[in-house]
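First comes the structure, then the notes that go with it.
Just so it is clear, the structure is predicted and the values come from calculations on it, not from any experiment. Below, chain A is the first sequence line, B the second, and so on; all start at residue 1.
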2 protein chains.
Amino acid sequence: MADKTTRERIVAEADRLFYERGFELTSFSDIADAVGISRGNFYYHFKSKDEILDAVIGKRMMSTSGMLEEWESQSDSPSERIKDFIRIVVTNRAQIIRHGCPVGTLCSELAKIGHPAQPQSNQLFVLFRTWLCHQFVLLGHETDADSLAMHVLAFSQGIALLAQAFQDERFIRREAERMCAWLDGLADEVRV
Amino acid sequence: MADKTTRERIVAEADRLFYERGFELTSFSDIADAVGISRGNFYYHFKSKDEILDAVIGKRMMSTSGMLEEWESQSDSPSERIKDFIRIVVTNRAQIIRHGCPVGTLCSELAKIGHPAQPQSNQLFVLFRTWLCHQFVLLGHETDADSLAMHVLAFSQGIALLAQAFQDERFIRREAERMCAWLDGLADEVRV
DNA sequence: GTCTATACTGAGATAGAC
DNA sequence: GTCTATCTCAGTATAGAC
């Protein structure tokens with residue numbers, strides 16, 4: 001963190017604050033304070049708040065791509081890879097209960113306020129959707145791979161939203177297991 | 001609308017605007033303009049913006065209770081009643097694609113900004129949760145009724161969130177059908 | 001009850017010194 | 001590159017006339 005450029009530090013803190021407080025309610029002062037620079041200095045690096053949002057989304061796109069590639073290379077079966085995805089909600093349960101899903105809450109907020117960066121934030125969903133779709137094709141579900149990918153994605157979003165509302169960790173675990181069991185049933189279908 | 005009191009008109013317009021634009025981004029001016037009164041007049045009826053939010057949530061609680069009671073009296077089987085719930089996402093698809101789920105987006109926003117009215121908005125979820133739980137008990141799933149209720153609730157939230165992001169009406173229909181089929185499978189389990 | 005006028009605050013953004 | 005000072009605007013909220 002210490003040897004990062006100021007720009008990188010701004011993006012990192014904005015990334016965190018946009019997740020924790022939401023985009024609208026994070027002010028320049030909030031980010032400036034977190035980074036430890038003055039508000040004025042800000043505009044040397046970014047022309048507007050929207051430009052910071054673009055950078056934050058870009059950063060999230062990069063890290064998400066990296067994570068998906070890692071799953072692709074580490075797990076050997078597509079069904080294990082899909083489970084890697086399902087298990088994020090369990091792994092990140094503490095943060096999800098506090099602040100929701102980083103992707104879902106951002107897309108939801110930008111959609112509601114009609115923000116111009118909406119299509120870009122949706123690309124984060126597209127990243128997961130495409131990857132999951134690919135895994136389902138490998139599983140032998142060529143015809144409805146995309147539909148299944150959307151199903152898994154919807155599920156994870158529903159879990160995250162309700163887990164936050166009810167502050168319920170056990171609910172996350174229970175639903176993740178249910179989803180994994182459903183996936184196993186799906187894999188059996190193909191074998192038969 | 002014409003013969004409603006000013007207070008009722010304020011709550012009605014605030015209800016609509018909070019749904020369409022979100023709570024934070026709806027200003028007093030927005031509501032005042034929509035109602036057709038001056039901003040000053042506002043404070044005769046409500047002391048603050050938070051007080052309007054309380055009134056809006058109260059109104060939604062009333063109308064939701066009414067809807068659930070209606071389903072309870074009209075459909076004869078619990079499984080048909082749960083399907084009534086599942087079908088809301090299809091019935092309200094146009095609005096959901098534009099603005100998301102009224103309950104989910106409000107709870108999500110209030111949770112993110114740490115608003116004091118968060119527990120009250122969550123009561124809207126509790127209303128559905130309790131009602132669904134009751135239906136699953138009637139279906140013969142006494143032991144895991146609440147878990148199933150949360151499952152259905154999570155599903156509807158996931159559908160609403162992704163439908164808004166991807167602006168996809170067919171996805172809503174497809175997932176609602178999938179959920180109904182799952183429910184039929186569940187009812188068969190009990191019969192056997 | 002409803003209005004106009006206005007106070008006060010914090011937001012995003014700019015200018016210019018260092 | 002970073003700072004301070006400042007501008008502008010929109011938001012919530014209040015005071016007081018009608």
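- Rounding to whole angstrom units, CZ of residue B/Phe46 and C1' of C/dT2 are separated by 15 Å.
- For A/Asn41, counting side-chain heavy atoms from C-beta on, the closest listed nucleotide (C/dC3, D/dG1, C/dT14) is D/dG1.
- At a threshold of 4.0 angstrom between heavy atoms, the contacts of B/Phe28 are confined to the sugar-phosphate backbone, with no base atom among them.
- Side-chain nitrogen and oxygen atoms of B/Tyr44 include none within less than 4.0 Å of the OP1 or OP2 phosphate oxygen of C/dT2.
- The aromatic ring centroids of B/Phe171 and B/Phe166 lie 6.0 Å or more from each other.
- Of the candidate nucleotides D/dA13, C/dG12, C/dG1, C/dG12 has the atom lying nearest to any side-chain atom of A/Tyr43.
- With the nearest nucleotide of DNA chain C identified for both B/Gly36 and A/Ser29, B/Gly36 has the one nearer the 5' end.
- The NZ atom of B/Lys47 sits 15 Å away from the C1' atom of D/dT12 (whole-angstrom rounding).
- Seen from the ring of A/Phe42, A/Lys47 does not count as a face-on cation partner, given the 6.0 Å and 45° thresholds.
- Within the 4.0 angstrom heavy-atom criterion, only backbone atoms of the sugar-phosphate kind lie near B/Ser27; the bases stay farther away.
- Rounded to an integer number of Å, the gap from A/Glu8 CD to D/dG1 C1' is 15 Å.
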Applying salt bridge (charged side-chain N to carboxylate O under 4.0 Å, His left out) to A/Arg174 and B/Asp144, what does each step give before you reach the verdict?
CA-CA 11 Å; A/Arg174 206 171 54 215; B/Asp144 56 348; over 6 Å; no
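- In this structure, A/Phe42 atom CZ and C/dA15 atom C1' are separated by 18 Å, rounded to whole Å.
- Mapping A/Asp30 and B/Ser38 onto DNA chain C via the closest heavy atom, the residue that lands nearer the 5' end is B/Ser38.
- Nearest nucleotide to the B/Lys49 side chain, out of C/dC3, D/dT12, C/dG12: D/dT12.
- Note: A/Phe136 and A/His151 fail the aromatic proximity criterion, with ring centroids not under 6.0 Å apart.
- Atom pair B/Leu53:CG and D/dT12:C1' shows a separation of 15 Å (rounding to whole Å applied).
- Atom CD of B/Glu24 and atom C1' of C/dG10 are 13 Å apart (whole Å).
- Rounded to an integer number of Å, the gap from A/Arg39 CZ to C/dG12 P is 9 Å.
- Remark: the B/Arg60 side chain and the B/Ser121 side chain contain no N/O donor-acceptor pair separated by less than 3.5 Å.
- A straight line from CG of B/Asp33 to C1' of D/dG11 spans 14 Å, rounded to a whole angstrom.
- Between B/Thr6 and C/dT2 there is a side-chain N or O to OP1 or OP2 distance below 4.0 Å.
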